[in-house]
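One structure is given below, encoded as structure tokens.
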Amino acid sequence: MQNLPRHAGTLLMRIRENAPRVHCLTNAVVKELTADGLTAIGAIPSMTENADEMPDFMDVSKALLVNLGTLDPARTEAIKTAVSLMAAAQKPFIIDPVKVEISESRLALAHTLCAQRPAAIRGNAAEIAALAPSAPSAALVTTGADDTIRWGGKSITVHNGDPLMGYVTGTGCLSGGVIAAFLTVEEDRMIAAACAMLVMGVAAEIARPQARGPGTFRAALLDALYSLDTETLIQHGRISQNG
Ligand SMILES: Nc1ncnc2c1ncn2[C@@H]1O[C@H](COP(=O)(O)OP(=O)(O)OP(=O)(O)O)[C@@H](O)[C@H]1O
Ligand SMILES: Cc1ncsc1CCO
Ligand SMILES: [Mg+2]
């Protein structure tokens, strides 16, 4: 894509116009940051984990985030139901396979979910390595100091971000939700994921000068996500592409 930062700005405006509902089945630690971050970019988060309510909520959701952190039997049930519903409706879902390389039962669940063709998987290098072979059609988003999105033999690397992100628990988990929101306005899953990571990374750079440490950075990051515009994305965006 010629001008990814400009496109990211266009997609962000589309999210603010459409206000897509993104359902989040996510870990107990990051629910609040994920809901706040999605709201800040203009999406509407919903968070219920009652399996019985999944049909109604998937009906009105444009995308689903599944994060496997702090997994428990009730959320496992909701995740299985929600993923089957979204797959049947051909709506996008993303998997964040938190610590999947540590837990055998979690890895087994992740493999089952991958068989239903997630649009994207977001994780650190070890998590992505554990699942990449079982999700050949997913955009693979590996986060760290740089974020790399791989799909179909091509890759895009986003160089933006700030080390303070590593001192706020859940910035990675939030990025999974932001990718889900971008999947509602961009059909190309690789471009959607790259634009989402660009938005997270540039927002972090805008937030950094406002912050005295992780606490104020968390608030400043939400402020930056709320006010981010196309010009800022063009000014600050640093990406490289292969293939
Ligand atoms: N040293 C760094 N420099 C720049 N950006 C960073 C750095 N470390 C992390 N990030 C950014 O922080 C975000 C979260 O990525 P990270 O790899 O820390 O996820 P994570 O460990 O799964 O996070 P969490 O589990 O807390 O949600 C990404 O957008 C990434 O680009
Ligand atoms: C700390 C922690 N433990 C389970 S999930 C989570 C949030 C970051 O993945
Ligand atoms: Mg981290």
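All values below were derived from every heavy atom in this structure, side-chain atoms included, with hydrogens, water molecules and symmetry-related copies excluded. Read the numbers this way: they start at 1 and go in the same order the structure lists the ligands and their atoms. Just so you know, these numbers come straight off a predicted model, no measurement behind them. Position 1 is the first residue of the sequence, and the numbers go up from there.
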_Check this for me - ligand 1, Met200, N or O atoms closer than 3.5 angstrom, yes or no?_
no
*In ligand 1, which numbered atoms sit nearer than 4.0 Å to a non-hydrogen atom of Thr169?*
26 (O)
*Backbone N/O of Ser137 and side chain of Trp151: donor-acceptor pair under 3.5 Å*: yes
*Do the side chain of Arg150 and the main chain of Met190 share a donor and acceptor less than 3.5 angstrom apart?*
no
*Please state which part of Asp147 comes within less than 4.0 Å of ligand 1, counting heavy atoms only: side chain, backbone, both or neither.*
side chain
*Counting heavy atoms only, which of Gly144, Ala203, Gly172 is nearest atom 10 (N) of ligand 1?*
Gly144
*Using distance alone, decide if ligand 1 has a nitrogen or oxygen within less than 3.5 Å of any nitrogen or oxygen in Met197.*
no
*For ligand 1, is there an atom lying under 4.0 Å from some heavy atom of Gly201?*
no
*asked:* Checking contacts here: is it the side chain or the backbone of Ser175 that comes within 4.0 Å of ligand 1, counting heavy atoms only? Could be both or neither.
replied: neither
*Tell me, please, which residues at least two apart from Phe57 pass ring-ring contact (aromatic ring centres under 6.0 Å, His included).*
His23
_Atoms of ligand 1 close to Cys173 [distance to a heavy atom under 4.0 angstrom, numbered from 1]_ = 25 (O), 27 (O)
*Asn160 N/O under 3.5 Å from ligand 1 N/O*: no
*asked:* I need the atoms of ligand 1 closer than 4.0 Å to a non-hydrogen atom of Thr143, numbered in the order shown.
replied: 15 (O), 16 (P), 17 (O), 19 (O)
*Kindly compute the distance separating OG1 (Thr184) from CD1 (Ile15), expressed to the nearest 0.5 Å.*
5.5 Å
*Go through the structure and list residues passing side-chain hydrogen bond (donor to acceptor under 3.5 Å, both in side chains) with Thr143, not counting sequence neighbours.*
Arg122
_ligand 1 to Gly166 polar contact by distance, N or O atoms, under 3.5 Å_ = no
_Residue Arg122 vicinity, atoms of ligand 1 by number, heavy atom under 4.0 Å_ = 19 (O), 20 (P), 22 (O)
*For atom CZ of Arg6, is the number of surrounding heavy atoms from other residues, nucleotides or ligands below 6.0 Å larger than 12?*
no
_Residue part near ligand 1, for Asn124, under 4.0 Å between non-hydrogen atoms_ = neither
*With hydrophobic residues grouped by side-chain heavy-atom distances under 4.5 Å, do Met13 and Leu183 end up in a single group?*
no
*What are the atoms of ligand 1, with element, lying closer than 4.0 Å to any heavy atom of Gly161?*
4 (C), 5 (N)
*Would you say Lys62 has more than 12 foreign heavy atoms packed within less than 6.0 Å of its NZ?*
no
Solution key, residues 36-43 side-chain donor-acceptor pairs under 3.5 Å, sequence neighbours excluded:
from	atom 1	to	atom 2	distance (Å)
Thr39	OG1	Ala35	O	2.7

*Exceeds 12 heavy-atom contacts within 6.0 angstrom, atom NZ of Lys80*: no
*Can you establish whether the number of heavy atoms outside Glu53 located under 6.0 Å from its atom CD is more than 12?*
yes
*Can you find an N/O atom of Met165 closer than 3.5 Å to an N/O atom of ligand 1?*
no
*Protein residues that have a heavy atom under 4.0 Å from any atom of ligand 2, sorted by chain and number*: Asn27, Val29, Val30, Gly69, Thr70, Val98, Thr169, Cys173
*asked:* Between Ser61 and Leu64 (side chain of the first, backbone of the second, donor and acceptor by atom type, cut-off under 3.5 Å), is there such a pair?
replied: no
*asked:* Out of the candidates Leu33, Val30, Leu221, only one should pair with Val168 under the side chain to side chain contact (heavy atoms under 4.5 Å, CB included) rule; please name it.
replied: Leu33
